[in-house]
Amino acid sequence: MDFEKTTIKVGILTISDSRTSSTSDINSFDSSGHNLIKLINDSNVIKSAKVVQYDCVTDDFDKIQAKMSEWCSERKVDVLLSTGGTGFSSRDVTPEATLGLVQKLTPGISQAIMNESLKLTPMAMLSRAVSGIYEKTLIINLPGSAKASKECLSVVAHTIPHAVSLIKDEKEISKQFHKQLDFTANNKSRVPECVTKIACRPRESQFPKISMKSALNILKEHAVLQYTENNKIKYPVVLIFSTGDELKSIKDSYGDCIRDTNSVMIKQILEQDHYKGQVFNFGIVRDNWDDLCKHFEDAFNNADIIITSGGVSMGEKDLIKHVLKEHFKSKIHFGRVNMKPGMPTTFVTLFFKDTKKYIFCLPGNPVSAGVCTHLFVLPYLRSVSGKKIIIHSLKAKLTHPINGLDIRPEYRRALLKYENGELYVSCLTNHQQSSRLLSFVGSNCLLHLPPSSKKANIESSTIMDVTLIKSIENTYIAPILNETNLSIEIIKKQGISDNIKKEELLLFSCINDVLHLMTENIFEAKTKNIPTDKPIILLVSTINYPMFFSSALGYVLYSPVYSSENLPPFPASIKDGYAIKYINEDCWSPNSNIFNVVQVSVAGTAPDCQKEIKEGECARISTGAPLPPGANCVVQVEDTAVVSKSSDGKVELAISILKEPKLFENVRSIGSDISVGQHLLDQKTVLGPFEIALLRSIGCENVQVYKCPSIHIIPCNDNSAYAISHKLKNMLEVADFKGNLFSQLLCKNLTNFSELFKNVFDYDDVIIICGSFFEFCDVVESHIHIRNDTRKISLGFGRMNHNEKNVVFLHIGICDSDYIYNCVHLFILPFLRFTSGRKKIISSIKTKCNVTLHNLPLDKFEKAELDYENGDFNVTCFTMNHQSCLVNIPSSADKMNNKLKEEKKTELDAIVTENSGSYFIYY
């Protein structure tokens, strides 16, 4: 029998008088049971297990036993997990029902759960949970709370597959399990000499520098689409961790420390790219051989793709490549790429328990990690997700000259702007060090620069290649947005009698003026404090790992942020090498420049524990490590040679320097990346992965952001309103709106509406009414209605007041897909972007079109597909297959069709409604 492919059938039995499996009532919802199902089916907490039975029963002895007996006797489940009924209450009878049924007790399981639970809370001693075996089924009692049941399951999850194989007498599976344990034990401490004998290590990397093109070709060879049994794409599970003894989690951090920003940043980059697979963050792993072996093995047990940051260079503690090659016998496809930043980037594959694993080992400097995630990891994940376009490459005109190119091809952080139909790119700063996260702020692309061997300088107006990393900055305003073609009428209460009065037609207006009217007059922005990340617990193998989901990602900053710390907090090395006290003499000779190695400084070394470096002395130093007192420069390891070493080869005693150093070379001074009081982020900055990483680097755990309102969609009076509300809800969900979205039941009269006001709506909610509306005008302060039937636009908006509650409302009354699509993308989504603090709320561009317009209605918006190719945004088709823009079809098509006859593409303005595979127009 195959240990990996055998499915363990699990039953979840919730025991409670107050809970139900129904999701309709939040007060009685079985959160514990549903959480256990999610942990087993989605998070794979029990290897090869699947929940096949689920039920809720009351705290009744006979009902509990009857359900347990049914599932066990009929072999419906291999493992039965009960949740609830284990306390001291008179109704808590789950242990008694279990003891009356089981044929064998399993006290070790119960004791293990109790021991680990007592480490978390002394209240655990009040649990009476038991476990045992009935027929061929293992029964385990778990507590009733979602948190406690998850914690208890984590204690025994890794032993359950072996327990099941023993109960079912599956000897081959048990044998494989013990072989796995033996493999781990036998390989625990086999540290190779290349790791222990520092002085014997090569002075230069043994891996050749391959080109970016070669690296991407290697990744392409290993990007294999996998499918489920239902012929759907199977998205690989991704697991991320950072390495480094110097790293602190934001919870454990204090001043003068280096915080882990990379693991959360990488996860958020994947989330921002809408990767559909599961992504888990293991947090921090120490630079220790045994720890790395253990965590890698645990990662291989639970994920298909592993992404690490740090530990891939030439430093004393850079062990990642050694662990993967020597311990796991993996194949390193490339260990260096000819690029800046990110040269040590490594790609590895191996077979673990007959399953192929893929490992991306990224540099530890945060900029390098971010750049390489965009250039290597995202293209690979897009490939295995079945996407056609895997790199978001565009061409843009350089706005300034660039001098002093690097010897390696460079990827500089830059700003890409769309202005009047053209793309322009600019470098915002010359401070592009790989440790300086600030270089990402304000940037939205990576500018590709050639090596100095090809060009000495680059002139202004040169057409350059860029890779998008977030939205294009768009300053173009299409004329249609300011074209006066919308009729406006106002419905409002009269001041004395409160009668409803319909005003005469007052004016014609344009889209931009209507948006201004909506945003400036009927909505007041709210704020809230939100964590930059939020810890949860992922249960895998034998360890509880702190996990994070990016709470602040996509929100908009309410106020500017200034730094309260210096980064680095001490003078730090930029490279792996030797810190020396350099005396600038007229004559420099390698033969006369021998330095005694008197100490070692690695990342994590306390600065106040170092001794002063004197003339003729040096300290072996790692990237990011504090510079010892007295030292004034760092010589990279490639520019040195070992003169003498200890007899066992573990320690260097003296080195020679082969190349004359420079004063303060390869040294980051205190506050060179970020200084105390420095302005970091502006108000209304959209918080992306790099902005959040910057906040976390200075210990910012919570941030004030614009609060997104809750949206309540209310179909009114007739069933046609349901069709409107359904389409509307789907559009808003696709648009990634950050607020809560609720669909209310059909509302047929003012009484029902008043109940909603009383029990549901809050002061900062937004109501979207679908269908007939005028029955509810008693609660309307003012109602503005805009309309253009030719262009299929009809929308109402205003404020409602009922029993001193005041909310914003929007109204769509016409059940037509074109009307709904146009109103959502021209008005509703721009309005919601404004409520969440966005600066840009509607985006328009010039497109090229080669489709004849004779068969298209004129003077309207037409849904179309937008794409980027050969330097142009093109409208490729007018179909229902994929709609990513609203094209403005003018009143006359003669001129445009004449251009097509002359084999020229015509220009059409378009309102961007969605992102495509080749560009981003985020808001």
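The first residue of the sequence shown is numbered 1, and numbering continues consecutively from there.
Using modelled atom types, one side-chain atom of Thr137 and one backbone atom of Val77 make a donor-acceptor pair closer than 3.5 Å.
Checked against Ile307 for a side-chain contact (heavy atoms from CB on, under 4.5 Å), the options Asn281, Leu239, Val377 give a single hit: Val377.
Atom CE of residue Met212 and atom CZ of residue Arg408 lie 11.5 Å apart, to the nearest 0.5 angstrom. Atom OG1 in Thr345 sits 10.5 Å away from atom CZ in Phe360 (nearest 0.5 Å). Rounded to the nearest 0.5 angstrom, Asn262 CG and Arg259 CZ are separated by 14.0 Å.
Ring centers of Phe347 and His222: under 6.0 Å apart, within the cut-off. A centroid separation of 6.0 Å or more is found between the aromatic rings of Phe282 and Phe296.
Aromatic ring orientation, Phe300 versus Phe328: perpendicular (interplanar angle above 60°, classes split at 30° and 60°). Ring pair Trp289/His327 is perpendicular by interplanar angle, where above 60° counts as perpendicular and below 30° as parallel. Between Phe376 and Phe334, the ring-plane angle classifies as tilted under the 30° and 60° cut-offs.
Atom NZ of Lys650 is surrounded by 12 or fewer heavy atoms from other residues, nucleotides or ligands within 6.0 Å.
In this structure, Val264 and Ile250 have side chains that are not in contact, with every pair of non-hydrogen atoms separated by 4.5 Å or more. Side-chain contact check for Leu381 versus Val238: some heavy-atom pair is nearer than 4.5 Å. Glu271 places none of its side-chain heavy atoms less than 4.5 Å from the side chain of Val279.
Under 3.5 Å, the side chains of Asn35 and Lys147 contain no donor-acceptor pair of N or O atoms. The closest side-chain donor-acceptor pair between Asn141 and Ser82 falls under 3.5 angstrom. Ser149 and Thr83 share no side-chain donor-acceptor pair at under 3.5 Å. Side-chain contact, Glu221 with Asn217: no donor N or O sits under 3.5 Å from an acceptor N or O. There is no side-chain donor-acceptor pair under 3.5 Å between Asp260 and Ser249. There is a side-chain donor-acceptor pair under 3.5 Å between Ser131 and Thr106.
Using a 4.0 Å cut-off between charged side-chain N and carboxylate O, Lys317 and Glu246 make no salt bridge. Taking a cutoff of 4.0 Å between a charged side-chain nitrogen and a carboxylate oxygen, Lys294 and Glu297 do not qualify as a salt bridge.
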Check the pair Lys575 / Gln636 against side-chain hydrogen bond (donor to acceptor under 3.5 Å, both in side chains), numbers first and verdict last.
CA-CA 6 Å; Lys575 293 191 174 181; Gln636 64 179 0; 3.0 Å; yes
